[in-house]
Amino acid sequence: MNYQKRVMAIHDLSCFGKCSLTVALPILSAAGAETVALPTAVLSTHTGGFTGYTFRDLTEDIPAIVRHWSSLGLQFDAIYTGYLGSFEQLELVSQIISEFRNEHTLVCIDPVMADGGKLYASFRSDFPQGMANLCAKADVILPNLTEAAFLLNEPYREGPYDKAYIDHVLHGLADLGPRRIVLTGVWTEPEHLGCAVYDAESGETGYAMSRRIEGSYHGTGDVFASALLGAFLRGLSLRDSAQIAADFTAESIRRTKEAGTDIRFGVNFEAGLPEYTKRLGLLK
Ligand code: PXL
């Protein structure tokens, strides 16, 4: 009854700009999970639209941190990864999964590497193949449509999308290995934006859509993925978790747009945390 789930969150710490760990920690805490942070790098800001940011790579520290956790006998209910800066980190994460996975561990990989049809500038063109190999070890992956195209080594297609194309992408991604797929950035008409979810075991596909709010705010992929994982770890279905995460993200964007905040500064998800916690049944 009082069992608290423990998540290993493997992301960078971008000090300013609300993404990766600064988003994953508060959202997973609001979902009642214990979050153990494995920082892959420390940056003064994220890399989206800022210049002159600092970047300290922590790849060298990871093996010793993990060895210490191992010596303590720590067990994890989930391993959750986001932005990974190098091939070396892909390999390290793969080793961490092999070492810490047990039959109850959910491995959730957000293959952060691309958006809007383009690979992020910091990644080499062979990175997607390395990420596809890592995704083969996941239980759940959450690519956007650009990342999905790179994982499948197919050309990126602009929306609107039809269900036949979405099914093709979902099935192709499941063929890489993960049983559950959450494909983000899906839209069939301009008013709504959301995601498609696919469970390869049951063969079921579902959609979780929200009203579209224009503007490309930084860190929303991390807000969505963290909110979905938090809900899923509470025992909600993947589709219901996706709907809660889509609504939480859309509401955060709406609030931020209304405030006129610089799109690089991230979204005001904090104001939505009480409502999120309520929807998970944790607050009256
Ligand atoms: O939100 C994804 C992300 C995470 N971490 C860093 C980033 C980005 C996207 O640009 O730059 C450092």
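Just follow the structure's listing: the first ligand is 1, and inside any ligand the first atom is 1. We're numbering straight along the sequence, starting at 1.
Distance from atom 5 (N) of ligand 1 to its nearest protein heavy atom, with residue and atom name: Asp12 OD1, 2.7 Å. Summary of contacts: the protein heavy atom closest to atom 3 (C) of ligand 1 is Tyr83 CD1, 3.6 Å.
Atoms of ligand 1 found under 4.0 Å from any heavy atom of Cys19, numbered from 1 in the order shown, are 1 (O), 4 (C), 5 (N). Numbered from 1 in the order shown, with element, the atoms of ligand 1 that lie under 4.0 Å from a heavy atom of Asp222 read 1 (O), 2 (C). The Ser20 neighbourhood of ligand 1 comprises atoms 4 (C), 5 (N), with distances under 4.0 Å to a heavy atom of that residue. Near Val112, meaning under 4.0 Å from any of its heavy atoms, are these atoms of ligand 1: 2 (C).
A salt bridge links Arg179 with Asp139: the distance from a Lys NZ or Arg NE/NH1/NH2 to an Asp or Glu carboxylate oxygen falls below 4.0 Å. Salt bridge annotation for Lys257-Glu214: absent, with no cationic side-chain nitrogen under 4.0 angstrom from a carboxylate oxygen. The existence of a salt bridge linking Glu275 and Arg279 is excluded, since no basic side-chain nitrogen approaches an acidic carboxylate oxygen closer than 4.0 Å.
Put simply, no part of Gly221 is less than 4.0 Å from ligand 1, judged by heavy atoms.
Aromatic rings of Phe224 and Phe248 (six-membered ring for Trp) have centroids beyond the 6.0 Å cut-off, not under it. In this structure, the ring of Tyr53 has its center no less than 6.0 angstrom from the ring center of His46.
Ligand 1 has no N or O atom lying under 3.5 Å from any N or O atom of Tyr120, backbone or side chain. Not a single N or O atom of His46, backbone or side chain, sits closer than 3.5 Å to an N or O atom of ligand 1.
Between Phe16 and Phe50, the angle of the ring planes goes over 60°, which puts this pair in the perpendicular group of the 30/60° scheme. Between Trp69 and Phe76, the ring-plane angle classifies as tilted under the 30° and 60° cut-offs.
In His218, the part holding a heavy atom less than 4.0 Å from any atom of ligand 1 is the side chain. With a 4.0 Å heavy-atom cut-off, ligand 1 is reached by the backbone of Thr47 and by its side chain too.
Across Tyr120, Phe55, Phe123, Phe127, a single residue satisfies ring pair (Phe, Tyr, Trp, His ring centres under 6.0 Å) together with Tyr83, and that is Phe123.
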